[in-house]
Student: 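Before anything else, here's the structure in question.
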Amino acid sequence: MKLSSGVLLEILNGATPEKPVLQVINAKKITAPNTVDRYRLLLSDGDHTYSHAMLAAQMNKFLENEELTSYSIIEVTKYMCNTLGEKRVIILLDLKVITSGTDVGERIGNPAQLGPNNIPKPSEVQKVDNDNSVPTAGANSIAQKGTLQVKNNQNNNNTVMANNSSTPNTPNRAIHVIASLTPYQNRWRIRARVTHKSNVRTWSNSRGEGKLFNVNLLDDSGEIRCTGFNDQVDKYFDMLEVNKIYYFSKCTLKTANKQYSTLKNDYEMTMNAETIIEPCNDDVSLPVLTFDFVKISDLEKCKPNSNIDVVGIVKVCNDVGTVIGRQSQKEITKRDLQIVDQSGVAVNLTLWGEDAVKFDGQGYPVVAVKGARVSDFSGRSLSVSGASQMMVNPDIKESHVLRGWFESEGRDLSFSTFQSEGGSAGGNSTNWKIFQQVKNENLGQGDKADYYTAKGTVMFMKKDNCMYQACPTAECNKKLIDQGNGLYRCEKCNREFPNYKWRMILQANVADHSDNQWITCFQESAEQMLGIKADELGSMREQDEMQFDQVMRDALFKHYIFRMRAKVETYNDESRLKTVCVSATPVNWQEYGRKLVEQIEQLGV
DNA sequence: CCCCCCCC
């Protein structure tokens, strides 16, 4: 296969030749904390090599599954050339591997390196100042696997009507692609489809209050989240509609917090007072939603609290039910579905709120969820969170294939389910861990607390600040302010009291054979571990410090079964794992011994 | 500047 000689120089000169055939000499992974990995490529057209080339993030799988290796020959079906400062960067948006790297085995020809000295400066590049500056090689760009492609100007089974009816009164200016946006460059304009719009949410905390919403934006190169606060909510919330295409410019780019973002982008955008958003009614071909489906059987390999894309047939649709939120104490509507796919495994998918109420499970519908939340409840289960996007019977290939499979054979199959760990029957979610596992498995690093059970020995307790004078009101445990006049003030109840009750916050270090863990014990667990009621201990400390010290010493080196809640908390940009001891129960040695025997048997020795 | 998305 011949390389497209000289094509790199043409591209850098501003031309957009179709389907260039290039050799990938090598690829280098660029990693940075809290970002999606990106790959920088050294490309060759046989005459020249060029190293300022990037693979669009959604094409990473080509390298990660080793389909694309060094020396591979590729046909680039979609690409673009962007200017970043004084650099011209070629971004590969879509490609086909024509010959594998191992079959080629070497660098073709003797290409000379292109660099700043022998390529035109961006300012010298002939401006291709119209919408054609996004090259879509070939008359019809090929929809990627799992991509719903809209062709506004064609009748075709894949067509989803997305009518952008208003006329853009926008001057023709070069269009940038989402993959090329960075915080270091603010002269850009993208054309993107809104694939998701949140509701308006209000917040109120120590840093202030306000309202916000976000939209997810998608173009050929990638996706990005865009958030509008306060004034921008009023200005753009109603205007932006899901599935429609808009021009965006002058938003603020910042590093995305991966803890909260499910989108494949290192950055996210915030609308500001200068932001310009205009509807686009051109005949443009932009993807609607890209999925990266995980087979249900592969959920086992997915980390709890991660977000994945899944598609399945709704085999069982349970009735709507309600639960009480642990934190909010509010009643929440939910509906459990059981979904299945060709992997022969069934998994529970929980819908919440409106999604749960509105869902119609008649006729075994297909559901596709982008960004479903994985949990380890009963082995594995899934949840449609606010950041997820759910489509029922979407018009995508996977959906039709799944339907065909279900009608022909899937309907009559029996499916296996995930098993909760520990081996006990039923949904036993005790989740036994040793402290080393707690660290290795990054428990509590997700945005939701992780609960686990561990057997541990008390190694140390901090005496300082282990108890405080709390508001005597039954439900209020707030620390009182000693007024010095025999009265104590509660800021929460806005009252003064002559009395108080003792409450405990005991920091303890507990260990097992593998590691140790600092934990916070509140009233009940602290009283259990110290073997004394907080009120008694409080007055003891005031009357006889030595006796108090003795109680603390006597509590050391005792063994408990601890129920823990682990969650990362962030103070002043510094995050650390906070482990709260929910309960401490003295070890029942018979029962614990039986559990160890069971574990040993499971080793199969 | 949010970041809650829940339950067994």
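Each chain gets a letter, A, B and so on, in the order the sequences are listed, and its residues count up from 1. Bear in mind that the values here come from a model prediction, so they are computed numbers and not experimental data.
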Student: Arg335(A) CZ to dC8(B) P: how many Å, rounded?
Tutor: 20 Å

Student: dC5(B) P sits how many Å from Glu331(A) CD, rounded?
Tutor: 18 Å

Student: Taking only side-chain N and O atoms of Thr350(A), does any of them lie within less than 4.0 angstrom of OP1 or OP2 on dC6(B)?
Tutor: no

Student: If we ignore angles and hydrogens, is there a donor and acceptor under 3.5 Å between the side chains of Trp352(A) and Ser383(A)?
Tutor: yes

Student: Round to a whole Å and report the spacing from CG of Asp355(A) to C1' of dC5(B).
Tutor: 10 Å

Student: Could you state the atom-to-atom distance from CG of Leu253(A) to P of dC1(B) in whole Å?
Tutor: 14 Å

Student: Check this one for me: any side-chain N or O of Lys254(A) less than 4.0 Å away from OP1 or OP2 of dC1(B)?
Tutor: yes

Student: Determine whether Thr252(A) and Glu274(A) make a side-chain contact, defined as any pair of heavy atoms from C-beta on separated by less than 4.5 Å.
Tutor: no

Student: Just compare dC2(B), dC1(B), dC7(B) and give me whichever is closest to any side-chain atom of Asn230(A).
Tutor: dC1(B)

Student: CD1 of Ile332(A) versus C1' of dC6(B): gap in Å, rounded?
Tutor: 4 Å

Student: Should Arg225(A) be listed as having a side-chain N or O under 4.0 Å from OP1 or OP2 of dC2(B)?
Tutor: no

Student: Taking atom types as modelled, find out whether Ser375(A) and Ser381(A) have a side-chain donor-acceptor pair closer than 3.5 angstrom.
Tutor: yes

Student: May Phe229(A) be described as stacking on the base of dC2(B), applying a 5.5 Å centroid limit and a 30° limit on plane angle?
Tutor: no

Student: Yes or no on salt bridge (charged side-chain N to carboxylate O under 4.0 Å, His left out) for Asp341(A) and Lys295(A), after CA distance, side-chain angles and deciding distance?
Tutor: CA-CA 7 Å; Asp341(A) 70 5; Lys295(A) 281 193 292 183; over 6 Å; no

Student: Measure the distance from CG on Asn214(A) to P on dC4(B) and round it to the nearest whole Å.
Tutor: 13 Å

Student: What is the distance from CD of Glu209(A) to C1' of dC3(B), rounded to the nearest Å?
Tutor: 18 Å

Student: Select one nucleotide: of dC8(B), dC4(B), dC6(B), the one nearest the side-chain heavy atoms of Phe377(A).
Tutor: dC8(B)

Student: We want to know whether Ser180(A) and Asn82(A) form a side-chain donor-acceptor pair, criterion being a heavy-atom distance below 3.5 angstrom.
Tutor: yes

Student: Between the base of dC3(B) and the side chain of Glu268(A), is there any donor-acceptor pair under 3.5 Å?
Tutor: yes

Student: OP1, OP2 of dC2(B) versus side-chain N and O of Trp203(A): anything below 4.0 Å?
Tutor: yes

Student: Rounded to whole angstrom units, what separation is found between the CG atom of Asn216(A) and the C1' atom of dC3(B)?
Tutor: 14 Å

